[in-house]
Amino acid sequence: IRVFPNPFIMRAGFINPTDQDGIHFANIPADCEIRIYSVRGDLVAMGPGTIQIKQDQGAGEAVWRQLTESEQYVESGLYFYVIEAKSGPDKGETHRGKFVIIR
C-alpha cells in the first residue's frame, strides 16, 4: 500500500483540496475499509462517505479529499490511517500508516 503525496504541501502547486489534490491510497485491497485518525486518536474520515474507493481486479485505489465526516477541510498535521480488508484471501488483515498535511 502506498500513500501519496506524503507530505501533502499546499504551496507546492496545489490550489485547493479537491480530488486531483487529494491524498491517494494505491494498491489497497479491492474490498476494504479506510479510516483516518487525527494525532489525538479522533476518527476524522471513513469511506465511503468522504473517501472515494475505486475498485479494480484484486487491488484498488482511493482518494481522500481531505474532508472530515462533517465536510470540513482538515488542518495541517500528522494523520494516521487504518486499512482493513473486508473480503477475499486478505480478509481481516489490517495495514496502518501515517501521512502529513501542510497548509
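Please read these numbers as outputs of a predicted model, since none were measured by experiment.
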Taken in chain and number order and not counting sequence neighbours, the residues that satisfy side-chain hydrogen bond (donor to acceptor under 3.5 Å, both in side chains) with R35 are E33, Y37
Interatomic spacing from CD1 in I23 to CZ in F99 - rounded to 0.5 Å | 5.0 Å
Residue list, ring pair (Phe, Tyr, Trp, His ring centres under 6.0 Å) with F80, at least two apart or on another chain | none
Partner set under side chain to side chain contact (heavy atoms under 4.5 Å, CB included) for E69, not counting sequence neighbours = A45, M46, T50
Contacts of K91 meeting side chain to side chain contact (heavy atoms under 4.5 Å, CB included) (sequence neighbours excluded), chain-then-number -> none
So do Y73 and L67 actually touch side chain to side chain, heavy atoms under 4.5 Å?
-> yes
If you look at every heavy atom in N27 and I1, which pair is closest and at what distance?
-> O-CG1, 3.4 Å
Sequence neighbours left out, cut at 3.5 Å: what donor-acceptor pairs do the side chains of residues 81-89 make with other protein atoms?
| unit_1 | atom_1 | unit_2 | atom_2 | d |
| --- | --- | --- | --- | --- |
| S87 | OG | D31 | OD2 | 2.8 |

Taking a hydrophobic cluster as the set of Ile, Leu, Val, Met, Phe, Trp and Tyr residues connected by side-chain heavy atoms closer than 4.5 Å, whether directly or through intermediates, do L78 and I9 fall within one such cluster?
-> yes
Determine the minimum heavy-atom distance between Y79 and S38, stating which atoms define it.
-> CD2-CA, 4.0 Å
Qualifying residues under side chain to side chain contact (heavy atoms under 4.5 Å, CB included), relative to S76, sequence neighbours excluded | R103
